[in-house]
**Student:** 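The following block contains the structure, expressed as structure tokens.
Note that the structure is predicted; figures quoted are calculated from it, not measured. Chain A is the first sequence line, chain B the second, and so forth, proteins listed ahead of strands; every chain is numbered from 1.
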Amino acid sequence: MRKSTMTTEIRTADKTSIRVRFAPSPTGTLHIGGARTAYFNWLFARQNQGKVILRIDDTDISRSSEASYRQILDSFAWLGLDFDESPEVGGAYGPYRQSQRTEIYQAYLRKLQEEGLTYPCFCTPEELQKERETAQKEGRAPRYSGRCRHLAPEEAARRIEAGERAVFRLKTDVHGETTVHDLIRGDVTFQNEEIDDFIIWKADGTPTYHFASCVDDVEMRITHIIRAEEHLSNTPRHIQLFQAFHAEIPVFAHVPMILAPDRSKLSKRHGATSVEEYREAGILPEALVNYLLLLGFSPGENREIVSREEAIECFRLERVAKHAAVYDVKKLEWLNQYYFRTRSVDQLLYEMWPGLLEKAWVSTEESREKLAWLRTLLQFLQQKSRQEADVWNMLECYFRPPVSYDDKGVKKHFQHSETAQRLRQLADLLATLPVFAAWPLEQLYRQTSEQIGCKAADLIHPTRLALTGITVGPGLFDVMTLLGRKECHNRLLEAANFIEKSN
RNA sequence: GGCCCCAUGGUCAAGCGGUUAAGACACCGCCCUUUCACGGCGGUAACGCGGGUUCGAGUCCCGCUGGGGUCACCA
């Protein structure tokens, strides 16, 4: 266990190396807002050959869970964001879970006590609550009165001795002002009289978030704090803490929040908010990460498609937007569609393989012919899809005949009085082709339509419906080639029967 | 309510004193076509309001309005 806790003087030694951190609390899934903040941290560090640290803020043990922690790790792994130091990979400044750092916090508290920068407060939560309410009613700021600050030290000591519950508050400066140097927003100044003596140590003997976070940022030599905008108002408190620790104050960057389409805070009722949900919905990590970058940052040159590697090059913290951004799923889906079609078929095949096995559409010892066929099939389907689910939807008919025909399709393509007869005719003609391939098939269809005196489309659409049961898919002649002569023949006849039966 | 941040089309977002105010998504046409997509072409659509400063303001300043954040023994 680390014992040397007051290490501020060492900081100057490795001043040049940038260290940033992402510090989620493991109380749920990874939120897309958090994912974006983490991504910006990651980009900034990678661009500057710095280090990204994953720290787990689990001081609230009752709300934290191991499952949530695993989930967050999973999400990051999926997104392709790695950490240089974390509970998993370790590092020189561990442990990286706040729940395992109590001794360090205690040491910092003790130091503050010795320097007289903190004092015990015996006010009960009820009293404070009442005070806040009356202040609110009278139009005053709901701040702590500072009552216990002036308690005689002897009395304070006596009451603690007597076992009275106490919290510890920081003695903040009453006069002057505190300026936050923010890379995104510039200098933001707060009057110190606005900051009350906030609690740094809870009555249950654990540190508050503000305290633990600042201690860790000092201990872990964090140089840049890149976090969500909601912390901007808390920053003067943190600065006062850093000053109380005689520590160097990190550089800040408060990234804007992500809003729901109604401009309110993004929540569950607006649909998917976690990385995990998007993953399950078939969104690709490349697409999500790309979209998150675009939300609040412009790579310039009218670029929309930006990989992680490209983002490392062009990202500039100073150019991150100051205003909150509304989340637009449509653009995410557009990006996803792009990435989905651009990636390799073999990767798609690999990812779909377990599902294919499960459906028994393939076996572990598949012939090379079947594999080649499957690969070609996926290649065609991929180009008609926006995501994997679309491929699955179109896939079934290549492994078994359609059990039903699309309703709208039936109304549109199976109504003509001669359809059944035409399908039978086509079924017979298939046997005449020397090679069952796309080009000769197309010739056959065009010639036949001419002979019949109808449009080629009048043959093509019913055939597609007959063969696949649906009205969408790759070009018909590719579909037929993939299906094979015999299967096409059978399905055309089955469809003809179906039409005659239902008339 | 105090304090803080923010404000260009429906959404993201260029612009950083002089532009016909980019581009992308979405939407609407048209083209391509064998369906759905993709692709191509075109279109609708924005500087919240009011004062200044300036020869000139989306760009600078002030006010207002609106939105957001924060003021917890949550993080």
Side-chain angles (χ1 to χ4, degrees), chain A residues 23-27 57-60 62-64 98 121 123-125 128-129 132 135-144 165-169 180 182 184-185 188-191 193-196 198-204 206-210 212-213 228-237 254 256-257 259 261 263-265 291 294-305 321-335 337-338 341 383-386 390 394 409 412-413 442 445 455-461 463-465 468 470-477:
Chain A
S25 90
T27 54
D57 281 14
D58 57 353
T59 47
D60 189 340
S62 60
R63 291 203 307 148
S64 301
Q98 292 192 325
C121 170
C123 302
T124 65
L128 295 170
Q129 180 64 27
R132 274 195 294 270
Q136 192 87 268
K137 235 174 270 169
E138 291 166 17
R140 288 180 294 116
R143 255 169 306 173
Y144 176 62
R165 277 176 72 87
V167 300
F168 284 89
R169 292 180 180 270
V180 179
D182 191 293
I184 296 173
R185 281 148 219 286
V188 183
T189 301
F190 296 80
Q191 296 303 312
E193 58 183 16
E194 296 293 335
I195 308 161
D196 62 1
F198 59 97
I199 296 171
I200 55 174
W201 201 266
K202 298 184 258 183
D204 66 357
T206 61
T208 61
Y209 159 75
H210 298 297
S213 172
E229 188 188 354
E230 53 185 332
H231 288 296
L232 183 54
S233 300
N234 287 327
T235 307
R237 287 168 223 284
H254 287 94
M257 306 197 57
L259 267 32
R263 301 219 136 253
S264 69
K265 201 168 170 177
Y291 180 68
L294 260 28
L295 215 53
F297 180 79
S298 171
E301 298 157 22
N302 292 336
R303 288 206 287 157
E304 305 288 336
I305 306 292
K322 295 182 176 72
H323 56 269
V326 171
Y327 193 77
D328 178 26
V329 193
K330 282 286 187 350
K331 188 150 182 175
L332 207 210
E333 287 169 351
W334 173 77
L335 281 165
Q337 168 269 131
Y338 170 83
R341 290 194 186 162
Q383 294 316 311
K384 295 286 161 184
S385 302
R386 299 174 75 91
D390 297 337
M394 289 187 282
K412 223 170 157 188
H413 306 300
E442 178 159 9
Y445 267 68
K455 285 186 293 183
D458 295 333
L459 262 31
I460 288 166
H461 295 309
T463 301
R464 175 190 302 284
L465 189 60
T468 67
I470 52 180
T471 56
V472 300
L476 178 69
F477 307 113

**Student:** Do the charged groups of Glu304(A) and Lys331(A) touch, with an N to O distance under 4.0 Å?
**Tutor:**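 Salt bridge flag = yes for Lys331(A) with Glu304(A).
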**Student:** Would one find a side-chain N or O of Arg464(A) under 4.0 angstrom from OP1 or OP2 of U34(B)?
**Tutor:**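 So the side chain of Arg464(A) is outside the cut-off, no N or O lying under 4.0 Å from OP1 or OP2 of U34(B).
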**Student:** Taking the P atom of each, how far is U11(B) from G1(B), in whole Å?
**Tutor:**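 One P to the other, the span is 26 Å.
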**Student:** Name the residue closer to the 5' end of RNA chain B, choosing between Lys331(A) and Asp204(A) according to the nucleotide with the nearest heavy atom.
**Tutor:**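 Per heavy-atom nearest nucleotide, the more 5' residue is Lys331(A).
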**Student:** Rounded to whole Å, please give me the gap between CZ in Arg185(A) and P in A7(B).
**Tutor:**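 After rounding, the reported distance stands at 9 Å.
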**Student:** Asp57(A) has an atom CG; how far is it from atom C1' of A75(B), in whole Å?
**Tutor:**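 Between C1' of A75(B) and CG of Asp57(A): 7 Å.
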**Student:** To the nearest Å, how far apart are Glu333(A) CD and C12(B) C1'?
**Tutor:**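 One finds 15 Å between C1' of C12(B) and CD of Glu333(A), rounded.
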**Student:** Taking atom P in both U65(B) and C74(B), what distance in whole Å separates the two?
**Tutor:**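 Here U65(B) and C74(B) have their P atoms 36 Å from each other.
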**Student:** Quantified in whole Å, what is the P atom distance between nucleotide U8(B) and nucleotide C47(B)?
**Tutor:**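 Here U8(B) and C47(B) have their P atoms 11 Å from each other.
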**Student:** With the threshold set at 4.0 Å, does a side-chain nitrogen-carboxylate oxygen contact exist between Asp196(A) and Arg237(A)?
**Tutor:**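 Yes, charged N to carboxylate O under 4.0 Å.
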**Student:** Can you tell me, in whole Å, how much space there is between the P of C41(B) and that of G23(B)?
**Tutor:**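 Here C41(B) and G23(B) have their P atoms 12 Å from each other.
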**Student:** Does Lys384(A) get its side chain close enough to the base of C36(B), under 3.5 Å, for a donor-acceptor pair?
**Tutor:**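 Pair found.
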**Student:** If the P atom of U59(B) is compared with that of U44(B), how far apart are they to the nearest Å?
**Tutor:**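 It comes out at 25 Å once rounded to the nearest Å.
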**Student:** From A37(B), C71(B), U35(B), pick the nucleotide closest to the side chain of Thr471(A)?
**Tutor:**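 Out of A37(B), C71(B), U35(B), the nucleotide with an atom closest to Thr471(A)'s side chain is U35(B).
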**Student:** Rounded off to whole Å, could you give me the CH2-to-P distance for the Trp201(A) and C73(B) pair?
**Tutor:**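 Atom CH2 in Trp201(A) sits about 16 Å away from atom P in C73(B).
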**Student:** Whether Arg63(A) and Asp60(A) form a salt bridge (side-chain N of Lys/Arg under 4.0 Å from carboxylate O of Asp/Glu) is what I want to check.
**Tutor:**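 Here Asp60(A) pairs with Arg63(A) in a salt bridge, since their nearest N and O are under 4.0 Å apart.
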**Student:** If each of Ala23(A) and Asp196(A) is mapped to the nucleotide of RNA chain B with the nearest heavy atom, which maps nearer the 5' terminus, i.e. the 5' end?
**Tutor:**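 On the 5' side of the pair lies Asp196(A).
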**Student:** Starting from P on G68(B), measure out to CE on Met257(A) and report it in whole angstrom.
**Tutor:**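 Met257(A) atom CE is separated from G68(B) atom P by 11 Å.
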**Student:** Please state how far atom NZ in Lys330(A) lies from atom C1' in A24(B), giving the value in whole angstrom units.
**Tutor:**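 In whole Å, A24(B) C1' lies 15 Å from Lys330(A) NZ.
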**Student:** When you compare A45(B) with C3(B), how far apart are their C1' atoms, in angstrom units rounded to a whole number?
**Tutor:**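 Each nucleotide's C1' atom is 37 Å from the other's.
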**Student:** Rounded to whole angstrom, note down the P distance from G66(B) over to G29(B).
**Tutor:**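 Result for the P pair: 38 Å, nearest Å.
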**Student:** What distance, rounded to whole Å, do you find between the two C1' atoms, one in G67(B) and one in U33(B)?
**Tutor:**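 The answer is 47 Å between these two C1' atoms.
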**Student:** Arg132(A) side chain to Tyr144(A) main-chain N or O, any donor-acceptor pair under 3.5 Å?
**Tutor:**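 No, the answer is negative, given that no donor and acceptor are paired below the 3.5 Å cut-off.
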**Student:** Scan side-chain atoms only and decide if Thr235(A) and His254(A) contain a donor-acceptor pair under the 3.5 Å cut-off.
**Tutor:**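 Judged by distance alone, the side chains do pair up.
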